[in-house]
Number of protein chains: 2
Amino acid sequence: MARMPKEHLEARRRQILDAARHCFIRNGFHATSMQDVLTEAELSAGAVYRYFKSKDDIIAATAAEALAEVASAFEADDGARPPDLDNIVDLVLGVERPPLSGSQESAQLLVQVWSEALRSPSLCTKLREVMAEARGVVGGLVARHQQRGLLPADVPAEHVADVLMALVDGFLVRRAVYGHADSAAFRNGMRALMSAPAQATRQR
Amino acid sequence: MARMPKEHLEARRRQILDAARHCFIRNGFHATSMQDVLTEAELSAGAVYRYFKSKDDIIAATAAEALAEVASAFEADDGARPPDLDNIVDLVLGVERPPLSGSQESAQLLVQVWSEALRSPSLCTKLREVMAEARGVVGGLVARHQQRGLLPADVPAEHVADVLMALVDGFLVRRAVYGHADSAAFRNGMRALMSAPAQATRQR
DNA sequence: CGAAAAAGAACGAACATTCCTTTTTTAAGA
DNA sequence: TCTTAAAAAAGGAATGTTCGTTCTTTTTCG
């Protein structure tokens, strides 16, 4: 019998997923053809279809990895001492840190995942799960800030968490479209907003 | 000679674009087939191809309208008395106001436009132009706040504008994916963040 | 040697688009 | 006002291509 080392199976999957990721980032999920993926992976159709049963299967796996990247980026901050909130973008998208450090490419893929989630119920579910978990993590971070009097306590932590997560999403959009998306300037802007004199945010 | 009323030409274009918009929101630009659009518009291929020379043409027109919607949503705030910054999301995405009031559908289409811009250089250019203009408008709004002492003046207005626009983008993502995206809760979260005690945003 | 892996030709379905036909509409002529 | 001819619009079958996938063959390797 000739069974190949089990690690080679995983290596091939990796090779295919990496190639597909490249193609998807370059051209989107549905404007990318299987031939594009085959060429990029330098494999034949017969080879690829041994490891994935369909194109949708490859899309799902690629999207799942992108979401896992996001999830781990948020999880990494859990349990750590609460950092400054205006640094959250850096914390989640930080340049040197492993998660989401792929920079523009990861951001671009994530935008495609969002748009694919609009038409794929299963992906939408997964996306919501990841967002819900992240909301919990960030919400906990906010709550700790509130307990220390660093944030007003009369607003649900989840509401503040939603704003912070929207900031991250918005930053990702800019990074995906523009490429550069200066995180230092972004942090400056956040700091300015958060240090606004109290009268600027009057109740109504 | 038999020339039809010129208004009917525009009405047909509208009919086709409306149908296409529906399809694109439901299934994305590239997973939507021409047959889908023809069926939704209740027209034949021959009819549609009299008004648009290709599918890409329809995609471009749809995306252009989506971007125009965004542009007008930002422009509407220009010149007006400076509103509270924590209301910017409401101002731009307000429920009763004409622009972007399509709510979830507009948000979903915009996410698709973002992802299409990643593979279409011309759409990318247009998107950047719209964002640049909006940045100018919001930047001016921030500058006026700075002059009144409502915001720290030692940070470039554009940096603060970037943060505010990222907030809007992030809110759109949540509205597209979740549907509801409670803007009142969002505004509460923003207000909490902006009324953070000064020591929460220490320099480093 | 024999089984697993890869190759690549082959396949039917679906695609965007075109082309020819039919219907509708308008404007002029009787 | 009614008819008619020409032109525009719409219909829908046809076309050639490209797609995702399968199937058969060849290669590789334990």
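Naming convention: chains lettered A, B, ... in sequence-line order (proteins, then strands); numbering from 1 in each chain. Keep in mind that the numbers below use all heavy atoms, side chains included, and drop hydrogens, waters and symmetry copies. The structure displayed is predicted, hence computed values, not measured ones.
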Contacts of [X] that satisfy side chain to side chain contact (heavy atoms under 4.5 Å, CB included) - sequence neighbours left out:
X: A:A41; result: A:A19, A:L43
X: A:A176; result: A:A107, A:Q108, A:V111, B:L118
X: A:V37; result: A:A20, A:C23, A:T32
X: B:S54; result: B:D56, B:D57

Nearest-Å distance for atom pair CG/P, residues B:L43 and C:dT23:
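For the pair B:L43 CG and C:dT23 P, the rounded distance is 18 Å.
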
What's the CZ-P distance between A:R50 and C:dA3, to the nearest Å?
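Roughly 14 Å, once rounded to whole Å.
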
Tell me which residues in residues 11-20 of chain B put a heavy atom below 4.0 Å from DNA chain C, sorted by number, or none.
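Nucleic-acid contacts, sorted: none.
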
Taking only N and O in the side chain of B:S44, is any of them less than 4.0 Å away from OP1 or OP2 of D:dG11?
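For D:dG11, OP1 or OP2 has a side-chain N or O of B:S44 closer than 4.0 Å.
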
Between N or O atoms, less than 3.5 Å apart, protein on one side and nucleotides 14-17 of chain D on the other: list the pairs.
none

Under the salt bridge (charged side-chain N to carboxylate O under 4.0 Å, His left out) rule, what pairs show up with a residue in residues 114-131 of chain A, not counting sequence neighbours?
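Pairs touching residues 114-131 of chain A that pass the test: A:E116-A:R119.
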
Can you tell me which residue pairs pass the salt bridge (charged side-chain N to carboxylate O under 4.0 Å, His left out) test with a partner in residues 26-54 of chain B, sequence neighbours excluded?
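Qualifying pairs, neighbours excluded: B:R26-B:E40.
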
Letter per nucleotide, 5' to 3', of nucleotides 10-17 of chain C [B base touched, S only sugar-phosphate touched, - untouched; heavy atoms, 4.0 Å]:
-----SSB

Name the nucleic acid region contacted by A:Y51, choosing base, sugar-phosphate or nothing; use a 4.0 angstrom heavy-atom cut-off, strictly under.
sugar-phosphate

Taking the six-membered ring for Trp, are B:F186 and B:F171 parallel (under 30°), tilted (30 to 60°) or perpendicular (over 60°)?
perpendicular

side-chain hydrogen bond (donor to acceptor under 3.5 Å, both in side chains) partners of residues 9-18 of chain B, not counting sequence neighbours, each pair once:
B:R12-B:Q15, B:R14-B:D18, B:R14-B:E65

Any ring-ring contact (aromatic ring centres under 6.0 Å, His included) pairs touching residues 33-68 of chain B, not counting sequence neighbours?
none

Let me check something: any side-chain donor-acceptor pairs from residues 155-165 of chain B under 3.5 Å, sequence neighbours excluded? List them with distances.
{"unit_1": "B:D162", "atom_1": "OD1", "unit_2": "A:R174", "atom_2": "NH2", "d": "3.0"}
{"unit_1": "B:D162", "atom_1": "OD1", "unit_2": "B:R135", "atom_2": "NH1", "d": "3.0"}
{"unit_1": "B:D162", "atom_1": "OD2", "unit_2": "B:R135", "atom_2": "NH1", "d": "2.6"}

